[in-house]
Amino acid sequence: MRVASWNINSLRKRQDRLFAWLNETRPDIVCLQETKCRDDQFPALALQSAGYHAAYHGEKSYNGVAILSRTGLTDVRASLCDEVDDPQARVIAATAGSIRVFSIYAPNGQAVGSPAYQYKLQWYERLNRCLSKERALDLVVCGDFNVAPEDVDVHDPELWRGAIMCSDPERAALRQLGAVGLIDTLRLHHPERGLFTWWDYRMLSFPKNRGLRIDAVLAIKSLADRCVAAGIDRDMRKGDEPSDHAPIWAEFR
């Protein structure tokens, strides 16, 4: 079973890319972020024709998350499991077979110390509390976490030291997900440097491989123990008008 995650950075703009990638790679479950479309614009029927059920939570022009599955989706929840009224479409959860799946798009935070940064840290606290209440035996949390977990996930650690997406409080917030029992599947198979999922559109960042790994497939230990492969579809960052992110995936037996 292959589980993939991709910040597509506008589904309507890159729908053809999505369908071509689905046809080529045939993942069983896909988590999308930054769909940037209202629910009435989501291509659910076209995806159904391509063999995928879909659960989605969107808003106009910003954010937006979705889960695609080759099996049916049940117990869909388009929010964190608390009483906070948050209009930003950043989380959707659903059950695919025996697996509980979260697709998340964490806040960027804008600048260290800003109100958006505080919202980001608070949002991570809410996510951690929500995940700690999950009782599914097999849990996978995929998405754009907007945090590079370690220096190995950054092309130039000294340049990014203390900056947004690499600050100590952000990394600590992400590590708290490990306390829930979630494991970074890519690092089970690839400890090496130079593996990134996001490259800025500016300054030839992609050709120079000046990127960050801020996307991940996190799996609960019982599922991570069955992870047999993981990787990044780097070629999807190439070509005309690509997303600034590449898909990341993990395969489980």
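We're numbering straight along the sequence, starting at 1.
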Side-chain touch [X]/[Y], heavy atoms, less than 4.5 angstrom:
X: Phe196; Y: Arg210; value: no
X: Arg90; Y: Pro107; value: yes
X: Asp233; Y: Glu24; value: no

Straight-line distance of [X] [atom1] to [Y] [atom2], nearest 0.5 Å:
X: Thr185; Y: His190; atom1: OG1; atom2: NE2; value: 9.5 Å
X: Leu195; Y: His189; atom1: CG; atom2: NE2; value: 13.0 Å
X: Leu218; Y: Ser5; atom1: CG; atom2: OG; value: 9.5 Å
X: Phe252; Y: Ile29; atom1: CZ; atom2: CD1; value: 9.0 Å
X: Lys36; Y: Arg14; atom1: NZ; atom2: CZ; value: 7.5 Å

[X]-[Y] co-clustered via ILVMFWY side chain contacts under 4.5 Å:
X: Val101; Y: Leu186; result: yes
X: Leu139; Y: Leu188; result: no
X: Tyr117; Y: Tyr105; result: no
X: Met165; Y: Leu159; result: yes

Measure from the side-chain N and O atoms of [X] to the backbone N and O of [Y], and report whether any donor-acceptor pair falls under 3.5 Å.
X: Thr197; Y: Ile232; answer: no
X: Ser103; Y: Gly143; answer: no
X: Glu34; Y: Asn9; answer: no
X: Ser167; Y: Ile164; answer: no
X: Arg77; Y: Val91; answer: no

On a heavy-atom basis, which atom in [X] and which in [Y] lie closest, and how many Å separate them?
X: His53; Y: Gly72; value: CD2-N, 3.7 Å
X: Asp86; Y: Arg126; value: OD2-NH1, 3.1 Å
X: Ala96; Y: Thr71; value: CB-OG1, 4.0 Å

List the residues meeting side-chain contact (heavy atoms from CB on, under 4.5 Å) with Ala148, not counting sequence neighbours, and say none if there are none.
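Here the qualifying residues are Asp153, Val154, Cys166, Arg171, Ile214.
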
Between Tyr124 and Asn146, do the side chains contain an N or O donor and an N or O acceptor separated by less than 3.5 Å?
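No donor-acceptor contact under 3.5 Å links the two side chains.
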
If you count every heavy atom of other residues, nucleotides or ligands that lies below 6.0 Å from [X] atom [atom1], does the total exceed 12?
X: Glu192; atom1: CD; result: yes
X: Arg12; atom1: CZ; result: no
X: Glu150; atom1: CD; result: no

Any carboxylate oxygen within less than 4.0 angstrom of a Lys/Arg side-chain nitrogen, looking at Asp151 and Arg193?
no

Got a sec, which hydrophobics cluster with Met236, joining ILVMFWY side chains under 4.5 Å apart, including via others?
Trp6, Ile8, Leu11, Leu18, Phe19, Trp21, Leu22, Val30, Leu32, Phe42, Leu47, Tyr52, Tyr56, Leu68

Side-chain cluster (under 4.5 Å, hydrophobic types only) that Tyr201 belongs to, other residues
none

Side chain to side chain contact (heavy atoms under 4.5 Å, CB included) for Asn128 and Leu177? Distances and angles first, verdict last.
CA-CA 6 Å; Asn128 189 59; Leu177 301 186; 3.9 Å; yes

